[in-house]
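Every heavy atom of this structure was used, including side-chain atoms; hydrogens, water molecules and symmetry mates were not. Indexing begins at 1, ligand by ligand and atom by atom, following the structure's order.
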Amino acid sequence: MKPILNPATSAFSTPLLLLCFFTLYLVTTISPFLLTISTTTSSSSPYHSLFLSLSSNTSASSHLRRLTSLPHIASSDADSLAASYVLSSFPFPSHTTSYSVLLSFPLLRSLSLSSPPFHFSLTEIPAPSDPYSSLASLAVPTFHAYAHSGSVTAPLTYAYYGRVEDFDELRSLGINVTGTVVLARYGKIFRGDIVKNSQDAGAAAVLVYSDYQDYAQGDVFPDGQWLPETGVQRGSTLRMQGDPSTPGWSCRVGEEECERVDKEEIVRQGFMPAVPSLPISGKDGEELHKAIGGQVAPDDWQGREGSPVYHLGPGPGVVNLTYLGNETLRKIQNVFAVIEGKEEPDRYVVLGNHRDAWTFGAVDPNSGTASLLELAERLFKLQKRGWRPRRTIILCNWDAEEYGLIGSTEWVEENREVLTSRAVTYLNVDSAVHGPGYRASATPQLDALLIEASKMVKDPDNPSQTIYDSWISSNDSVPVGRLGGGGSDHAPFLQHIGVPSVDMAFGTGYPVYHSIFDDYSWMQKFGDPMFQRHVAAASIWGLVALRLADDEILPFDYVSYASELKRGVKTIEEAAAGSPVSLSPLYKSIEEFNAAATKINDEKKVLGKKFWGIPLRKDQSKLRELNDRLIMAERAFIDGQGLSGREWHKHLIYGTSKYDDYGAKSYPSIDDAIIEAKKLNSTDAWRMVQHEIYRAARAVKQASLVLNGLTCNV
Ligand SMILES: *[C@@H]1O[C@H](CO)[C@@H](O)[C@H](O)[C@H]1NC(C)=O
Ligand SMILES: *[C@@H]1O[C@H](CO)[C@@H](O)[C@H](O)[C@H]1NC(C)=O
Ligand SMILES: *[C@@H]1O[C@H](CO)[C@@H](O)[C@H](O)[C@H]1NC(C)=O
Ligand SMILES: *[C@@H]1O[C@H](CO)[C@@H](O)[C@H](O)[C@H]1NC(C)=O
Ligand SMILES: *[C@@H]1O[C@H](CO)[C@@H](O)[C@H](O)[C@H]1NC(C)=O
Ligand SMILES: *[C@@H]1O[C@H](CO)[C@@H](O)[C@H](O)[C@H]1NC(C)=O
């Protein structure tokens, strides 16, 4: 539902401000030479409905087929071919930008059980009826990128999902995992944190498997959508964003000299694991469970019916896990298309999706790439009919996202200051389609725009209603999620430099994720048989972009942000209940922020005033100034020092959980401090919480000042 505007607290209380306001009013509405009809497009632009009518599921499906014809891991020849395909498919001036970055590849993987003796093949076996089965061997072998090289022979323990609380549970049950090989399940947290949590608990190595209960709840591919028993989830264990050897900066291919951090230092700082790990299949996981004895695992730690009873260990089963990786500098390529803005070419609306895939990448990520190309074709048709965006639109196709958001992060780091002053919004689509059901996460000033756009696009699974109708039917409020989690390319834009951002898709999660079964045939059978979800994703993505690029006054609503800020404090308040800290500084600054948000909404109304239903020509410098305040308010949440222990993350309102990079947190720095204080229960630790509360309150205050503008108030 549309956020309810709070009753206006009088924003124009001083005579000076009143004068200011009155002058603004005169300039924009009375001044006779300005009383000409606006020629620029606005939210009701006929081009926007035209955009929606031009969709083509044939185009989306043919792009997807081409993009997924071969497995195309970052920096491979097949990835280069895919980059050329995207470059030549963009119907606008386009170019490639290449960086030299540290990637990781497996050289040797071996896993065996000593008693009973058993050697695991570590190979996924496709069904012959899968049309892509003959190409599956071209995919990178199953591995964890940036895993530690080493050989460990030790007894097994079982640690459920490998979360901090799972290790706490093991400790309380008297199980000591020190020196053992931890067997953990995929599914609740980022795999890099499974390995890190195991390492912190003392494990000597880690095996992460896809339990049947989570990944094989029905018929397996190709008969059904579920993960076959040999299917394995590849993935990165890097616990940072961007090239680990250039943290915070970037190195273009061809640059003579670049500063690099060496691998030992990256490991020492905890960004790369210090113990070996391997991802394994459900079948291999079950085999290992049979070798673990000792205490029976708690009920909720058990597998599905028919699985053996899971025990906690250690042993008696002893495994030998041997892994040798090659960490090496490779060339990655981002592809860009640029549609230059007519009135404000130096304001950028940025759309991004990545291209590199662990295997064929039909869902992850090329459903998004196919949607991006289909969207670009529609924009080109608009251009042929006379449309020119007011602001510049940049379409980005990132490389090496799978390794750690590397392509996008290097670009953001390289262009940090330019983007900080010019980027309006970043709109991310990683995988456009996992299945049915629209979902979106955003910074809250974009909620209203997302809701408006969702009312204009048909639900691909029920054309008698809009996406909005099905979006709310499952919920009493529109469930726009928040972007604290670090799982995709929005992270550098939002969490590093404070650009308002959106991440959207159809469906949440899919069982063949990062396995060789993520191929075109899976998509055609289960993900999106008619390719209508692909075009719906392109429609809503494009429509949101068009509004941001064309609306004279940016469609940002910070009142919605204010209520989200308040909601976040409630959660913090509960977490800190009974402690000596005071949240009143934060509440006070949110009140001010709410007033500033209400005031700028009023200013927008004045500036957007119509004369007999016809928009008036606006004073362009006033317009620019107002829009800049709307854009820059988000930047105020960026703090130079960043979050403790993960300083690259600089956003004080939305960030990742310290123990799960996929977990989203409001006020992450306060949250971290509370966890720490609860552990230590010392005066100093609670004083640190209070410090973090003041720090967040100051950021919110800065944002209010940006929204208010200083012109009349210095
Ligand atoms: C766990 O085992 C290690 C060595 O095997 C030992 O050093 C450590 O003290 C043990 N921890 C506990 C809590 O028993
Ligand atoms: C573990 O396996 C590796 C690779 O197969 C082998 O080289 C090594 O000797 C084995 N270690 C032990 C202790 O058996
Ligand atoms: C590591 O990869 C590089 C290519 O990036 C290659 O030149 C080198 O030979 C590889 N190292 C090993 C040990 O295979
Ligand atoms: C509704 O959405 C909210 C916010 O995303 C979510 O927390 C809640 O679980 C949802 N409720 C239902 C019934 O889906
Ligand atoms: C496109 O959608 C139509 C129905 O809306 C369907 O008949 C057709 O098969 C779809 N095309 C593809 C390539 O899926
Ligand atoms: C924390 O410390 C205070 C005294 O410093 C004590 O009264 C309180 O019980 C402690 N709380 C916990 C959870 O240990």
Discussion item. Whether the side chain of Thr359 engages the backbone of Ser515 through a donor-acceptor N/O pair (distance < 3.5 Å, no angle test) should be reported.
Written reply: yes
Fill in: Side-chain ion pair, Asp79 and Arg330, N-O less than 4.0 Å
no
Response to the item:
Residues with a heavy atom under 4.0 Å from ligand 3, by chain and number, are Leu107, Asn326, Thr328, Arg330
Discussion item. Please list, in number order, the atoms of ligand 1 under 4.0 Å from a heavy atom of Thr178.
Written reply: 1 (C), 2 (O), 3 (C)
Response to the item:
Under 4.0 Å from one or more heavy atoms of Thr153, ligand 2 contributes atoms 11 (N), 12 (C), 13 (C)
Worksheet item: Heavy-atom distance under 4.5 Å between the side chains of Ser307 and Gln213, does that happen here?
Response: no
Worksheet item: Using the benzene-type ring in the case of Trp, are the ring centres of His72 and Tyr85 under 6.0 Å apart?
Response: no
Item to complete: Please say which of Asn334, Thr369, Asp399 ends up in a side-chain hydrogen bond (donor to acceptor under 3.5 Å, both in side chains) with Arg355.
Response: Asp399
Item to complete: Decide whether an N or O pair under 3.5 Å exists between Ser151 and ligand 2.
Response: no
Worksheet item: Could you state the interatomic distance from OG (Ser69) to CZ (Phe360), rounded to the nearest 0.5 Å?
Response: 9.0 Å
Fill in: Single hit among Val206, Val181, Leu207 for side-chain contact (heavy atoms from CB on, under 4.5 Å) with Leu278
Leu207
